[in-house]
Asks: 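My questions will all concern the structure given below.
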Amino acid sequence: MNTRRWFLVSALGVGAAAATGSAVLLSRPADHTVSRARASASGTPSAGPEATPGKSGASRRAPAKSASARPRRPSSAPRPGPVPAAAARRGAYRLRPIAGDSALGTPAFHPQVRTHAELTLPGRARAVALTFDDGPDPDFTPQVLAVLRTYRVQATFFVIGENAAAFPRLLHDIAAGGHVVANHSYTHPQLTTLSLGKVKDELGRTSDVIERVLDAPPRWCRAPYGEWDAPSLRVCARLGMEPLGWSIDTNDWARPGIGSIKRAVTRGIEPGSIILQHDGGGDRSQTVRAVSDYLPRLLDKGYEFVRPHV
């Protein structure tokens, strides 16, 4: 009997010690850089303005077509960022529920499957969201970040997986600025033309790269050309992400001129607007100049640039 009691007491002691050790490990303060990277990848607020959720709507860009495995893109369609030859290719990202932010509230571990992407932000007066697609780009992403830093504005960067794998340092720079790092597929195909397996690969591999670099998975996703269908939206939800679109398309990918980009924003902006621009996929010098010109004007008018967050 005494031996049994001794074994019981010893087992309880070991169990308590293990539980205490785990609690200490989980509650240990995280490194500031890692914490900000996790917050930025997930869209959780860190330093910077409080963010706001989105309203539903519908907006699409022209579908693309490609000379290879995907359809060739017409001249009116935005192009992906540069595709480095040495970009790392990893296995499909594990399809598992992940917590984070959503357009309708903080997602549960099983995010709701949406019927469309959120295109605007509801609620707060003059709250708008600035978003950039197709990066990171070693030339233009740092220039965009410098402008945002000058005016203390936060934005959301929808990154191409190949570019993110080739330039992981830029993901850290985006996150360090308090911006959101989000998923824009791995090679920028039109998701609605792909098999379910290829959709999983495009979105999953990009989420994998982001989580590997920033130690946190993305919570937001934008389909190339804004084209979603029911299967791709289900994959998006299973990966723990919310779909996000836009309400103002500056067409900056086509380099229409600095004035044209500025007018698209200043004439179209209203409370809740989500602005689409690009920091990758080509020469984005017009975009950099346009953003630096219109940001101070809109800030003077009382607009607040927020991250997509509830």
Asks: Minimum heavy-atom separation for P218 to M241, with atom names?
Replies: O-CG, 3.3 Å
Asks: Is there a side-chain contact between D173 and R169 (heavy atoms, below 4.5 Å)?
Replies: yes
Asks: Find out whether R114 and E242 are in side-chain contact, i.e. whether some heavy atom of one side chain is under 4.5 Å from a heavy atom of the other.
Replies: yes
Asks: Can you tell if the side chain of S273 reaches within under 4.5 Å of the side chain of S247, non-hydrogen atoms only?
Replies: yes
Asks: Using a 4.5 Å cut-off on heavy atoms from C-beta on, say whether the side chain of D279 contacts that of T287.
Replies: no
Asks: Treating T206 as the side-chain partner and Y186 as the backbone partner, does any N or O pair qualify as donor plus acceptor under 3.5 Å?
Replies: yes
Asks: Start with the C-alpha gap between E202 and T187, add the side-chain angles, then the distance that decides, and say whether side chain to side chain donor-acceptor pair (under 3.5 Å) holds.
Replies: CA-CA 7 Å; E202 284 286 335; T187 62; 2.6 Å; yes
Asks: Can you measure from CG (L239) to CG (N183) and round to the nearest 0.5 angstrom?
Replies: 7.5 Å
Asks: Working to the nearest 0.5 angstrom, can you tell me the gap between L191 CG and C236 SG?
Replies: 9.5 Å
Asks: Compare every heavy atom of L194 with every heavy atom of P189, then report the nearest pair and how far apart it is.
Replies: CG-CD1, 3.7 Å
Asks: For a side-chain contact (heavy atoms from CB on, under 4.5 Å) check, start with the C-alpha distance between T141 and I174, then their side-chain angles and the critical distance, and finish with the verdict.
Replies: CA-CA 8 Å; T141 299; I174 294 170; 4.1 Å; yes
Asks: What is the distance from atom OG of S185 to atom CG of L203, rounded to the nearest 0.5 Å?
Replies: 7.0 Å
Asks: Which one of V128, I275, L276 satisfies the side chain to side chain contact (heavy atoms under 4.5 Å, CB included) criterion with V265?
Replies: I275
Asks: Please check this pair: side chain of Q154 against backbone of G178, looking for a donor-acceptor N/O pair closer than 3.5 Å.
Replies: yes
Asks: What pair of heavy atoms forms the shortest contact from L121 to A127, and how long is it?
Replies: CD1-O, 4.1 Å
Asks: Testing the basics here: between L119 and G245, what is the closest heavy-atom pair and its distance to 0.1 Å?
Replies: CD2-CA, 3.5 Å
Asks: Can you measure from CD1 (I160) to CG (D133) and round to the nearest 0.5 angstrom?
Replies: 7.5 Å
Asks: Please examine the side chains of N251 and S260, heavy atoms only from C-beta on, and report whether any two atoms are closer than 4.5 Å.
Replies: no
Asks: Is the shortest heavy-atom distance from the side chain of P231 to the side chain of V199 under 4.5 Å?
Replies: no
Asks: Does R297 have any salt bridge (charged side-chain N to carboxylate O under 4.0 Å, His left out) partners at least two apart in sequence or in another chain, and if so, which?
Replies: none
Asks: Go through K200 and R238 one step at a time and tell me if the side-chain contact (heavy atoms from CB on, under 4.5 Å) criterion holds.
Replies: CA-CA 10 Å; K200 292 177 181 178; R238 290 189 64 194; 4.1 Å; yes
Asks: For R222 and T131, run side chain to side chain donor-acceptor pair (under 3.5 Å): C-alpha distance rounded to whole Å, both residues' side-chain angles, the deciding distance at 0.1 Å, then the answer.
Replies: CA-CA 10 Å; R222 173 172 288 163; T131 67; 3.0 Å; yes
Asks: With sequence neighbours left out, what residues match F140 under ring-ring contact (aromatic ring centres under 6.0 Å, His included)?
Replies: none
Asks: L145 and I261: same hydrophobic cluster, using ILVMFWY side-chain contacts below 4.5 Å?
Replies: no
Asks: Please list, chain by chain and in numerical order, all residues satisfying salt bridge (charged side-chain N to carboxylate O under 4.0 Å, His left out) with R289, sequence neighbours excluded.
Replies: D293
Asks: I want to check something: taking the side chain as every heavy atom from C-beta on, are F167 and D137 in contact at a cut-off of under 4.5 Å?
Replies: no
Asks: Can you name the nearest heavy-atom pair linking V209 to A165, along with the distance?
Replies: CG1-N, 3.7 Å
Asks: For R284 and G280, indicate whether the former's side chain and the latter's backbone hold a donor-acceptor pair under 3.5 Å.
Replies: yes
Asks: Mind checking the CG-NZ spacing from L196 to K198? Nearest 0.5 Å is all I need.
Replies: 12.0 Å
Asks: For W228, does its backbone N or O pair with a side-chain atom of S232 as donor and acceptor, under 3.5 Å?
Replies: no
Asks: Is there side-chain contact between L130 and L148, with at least one heavy-atom pair below 4.5 Å?
Replies: yes
Asks: Are L295 and I258 connected in the hydrophobic side-chain network, where two residues link if heavy atoms are under 4.5 Å apart?
Replies: no
Asks: Hey, does the side chain of Q143 reach the backbone of D139 with a donor-acceptor pair shorter than 3.5 angstrom?
Replies: yes
Asks: Fit a plane to each ring of F157 and F132, take the angle between them on a 0 to 90° scale, and name the class: parallel (under 30°), tilted (30 to 60°) or perpendicular (over 60°).
Replies: parallel
Asks: Is the side chain of H179 donor-acceptor paired with the backbone N or O of A155 at a distance under 3.5 Å, no angle test?
Replies: yes
Asks: Minimum heavy-atom separation for T193 to Q190, with atom names?
Replies: OG1-O, 2.8 Å
Asks: Start with the C-alpha gap between D252 and Q286, add the side-chain angles, then the distance that decides, and say whether side-chain contact (heavy atoms from CB on, under 4.5 Å) holds.
Replies: CA-CA 8 Å; D252 65 325; Q286 291 183 1; over 6 Å; no
